[in-house]
Protein chains: 2
Amino acid sequence: MRSSPAPRPPRRPTAADRLRQSARDLFYRQGIRAVGVEEIVQNAGVTKPSLYRAFASKDGLATAFLADYQQCFWDRIALVRAEHPDDARAQLLAYFDGLAERSAAADYRGCALTNAILEYPDRAHPVRQEAARLKHQVRDWLVDRAQQMGATNPEQLADGLILLMEGAYVVGQAFPPPGPAARVGACARLLIDAQCGPG
Amino acid sequence: MRSSPAPRPPRRPTAADRLRQSARDLFYRQGIRAVGVEEIVQNAGVTKPSLYRAFASKDGLATAFLADYQQCFWDRIALVRAEHPDDARAQLLAYFDGLAERSAAADYRGCALTNAILEYPDRAHPVRQEAARLKHQVRDWLVDRAQQMGATNPEQLADGLILLMEGAYVVGQAFPPPGPAARVGACARLLIDAQCGPG
DNA sequence: CACGTTACGTACCGATCGGTAACATCGTCA
DNA sequence: TGACGATGTTACCGATCGGTACGTAACGTG
């Protein structure tokens, strides 16, 4: 009788995976520029050559980190979708209310994509471009939700919601909780109800 | 007869002033961490020891830069105040409309304070603290304006406006113009009118 | 003229940055 | 057993980082 029937024996995860996890921890908490590769490999329990065997450069690891990070966002969206199927308004408000809660954490660090964009003002930088690409997908989704809600001008509503979202990401870091970010849910309600048929 | 009656002859500006100007250009465009002191002194046309005679450290120069920068914000506020005396709503909307315009510049870089806060996640860092201090003054001013407008809940309205402001600062950099930031004026109108007695 | 003060430049520091070369070791599977 | 791919080890590279010791030119004042 085997105590662990899993087909995969509990092997040590690959160096690339350990590096991704380490990058997630450090890049998100401290920013990308602020973290050196030495710290990353130490935290991952691997060595520097392993990093450069799995990724082309620090920037390569950083873009991988952004993609990994953004998956968390879509996981959250999948959650609110499951909780409120076929109710775009409820989905959005659930996300915004959750955001308001999270932004009240004392060590809140906002959105890694947003942080990366501010950290790399050069629009040609690969990290910056990946972050911008992923952000555009969010806007597309918001426009879709606004259409579902029957907004008078879906793009206008989506843009307003983006402003609130990004505002909360940033303000949650700038003000001690509970700061302005705690009201992002209420503001989203106002904006949505002002631009959709009341229903 | 003297061609220049000024008591101060047109001397070359002091090293500290040249450094402040250089820091303004470089820190704002590229971020604080991204700019080395060598580049700053070269751009200023002075040498490194001059920097460290006028400022305690790079961080000291950075905090001075933030204070200088924020003066531009209050200058803008003074302008809209002069254009719309005794009309808090018009003052705010003038600022937000101007923000929407500025954020449409191809190389828009948002607010230096916001950028600095994201660049220095450590709340104990002196640069971060100075930025946070200056941001709080902005909120105080917004609360005051919201009271002037007779908002039902002035702090709630001020917080909503902060979210929009900061959102525009960030989104103006993340999306190519005209992005969501171009609608920040319209969103501010909605938020204000929803939370003040109509009129 | 001699003096102290202020402002500035040359040259340099140790530390850290991102990145690499060369070689040893391990587990897996044929 | 033997070959292979993934990983670890050690030592190193040139560049750049923030910061400083020290000498010097300019200037106002006695």
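Below, chain A is the first sequence line, B the second, and so on; all start at residue 1.
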Here the distance between atom C1' of C:dT16 and atom CD of A:Gln30, to the nearest Å, is 15 Å

Are B:Arg29 and B:Asp107 within salt-bridge range, i.e. N to O under 4.0 Å?
-> yes

| task | Look at the side chain of A:Arg53 and the base of D:dG5, then say whether one donor and one acceptor between them are separated by less than 3.5 Å. | result | no

A:Glu38 CD to D:dA11 P, in whole Å, measures 14 Å

When rounded to whole Å, the CG to P distance for the pair A:Leu51 and D:dT7 reads 12 Å

Pairwise side-chain contact, B:Asn43 with B:Gln21, heavy-atom cut-off 4.5 Å (strictly under):
no

Ranking D:dT7, D:dG19, D:dG8 by distance to the side chain of A:Val46, first place goes to D:dG8

| Across the strands shown, which category fits A:Val35 at heavy-atom distances under 4.0 angstrom: base, sugar-phosphate, nothing? | sugar-phosphate

Scanning both residues in full, the closest heavy-atom pair of A:Ala104 with A:Pro177 reads O-CB, 3.1 Å

Of B:Lys48 and A:Val37, the one whose nearest nucleotide on DNA chain C sits closer to the 5' end is B:Lys48

Side-chain donor/acceptor of B:Arg81 to backbone N/O of B:Gln91, under 3.5 Å: no

Separation of D:dG18 atom P from B:Arg33 atom CZ, nearest Å, is 10 Å

Assert: residue with more 5' nearest nucleotide on DNA chain D, out of B:Lys58 and B:Pro49, is B:Lys58

From CZ of B:Arg18 across to P of C:dA7 the rounded distance in Å is 15 Å

Rounded to whole Å, CD of A:Glu39 lies from P of C:dA15 at a distance of 18 Å

message: Less than 4.0 angstrom between a side-chain N/O of A:Tyr52 and OP1 or OP2 of C:dT20, yes or no?
response: no

### Crowding at CG, B:Asp86 (>12 non-hydrogen neighbours, <6.0 Å)
no

In whole angstroms, the gap separating C1' of C:dG19 from CD1 of A:Ile40 amounts to 13 Å

Taken to the nearest whole Å, CD/B:Gln42 to P/D:dG18 is 13 Å

With a cut-off of less than 4.0 Å, is there a side-chain N or O of A:Ser50 near OP1 or OP2 of D:dA6?
no

